[in-house]
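Okay, so here's the structure we're looking at.
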Amino acid sequence: MGKWIERVRDWTDRQDGRLRAWLEALPQRTRLAAVLVIFTVFAVCALFTFGAALYEMGRENGRRIEIEHIRELDLRQRQDSINLYKYYDYGTEQESDGLPENGEA
């Protein structure tokens, strides 16, 4: 596996060198034009994304986001895993007296 990773690393280093050499050979104005084109494409995509999000929010004629409250989780545990005669109720309706509910011992 180490040889394979080393091969990939060498290949990416060679490609990086080739790309840098090719870009350094370009005239200054061409590099500037390439950077401006890339920036323009990025800006157009960002504005399109922002506009699409605004359109989706306003499309429903002012419908508000509905907020739901988190429902209470049922955390009741009938028995302690170590002491089988110890019962927990976690502060719900009925108080536990330490005895099994159905009278079994």
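- Distance CG/Leu26 to CG/Leu32: 12.0 Å, rounded to 0.5 Å.
- When side chains are defined from C-beta on, Gln15 counts as touching Trp11, because their heavy atoms get closer than 4.5 Å.
- In terms of heavy atoms, Glu24 sits closest to Arg31 at O-NH2, 3.8 Å.
- Once rounded to the nearest 0.5 Å, the distance linking NZ of Lys3 with CD of Glu6 reads 11.0 Å.
- Remark: Arg9 does not engage Asp13 in a salt bridge, criterion side-chain N to carboxylate O under 4.0 Å.
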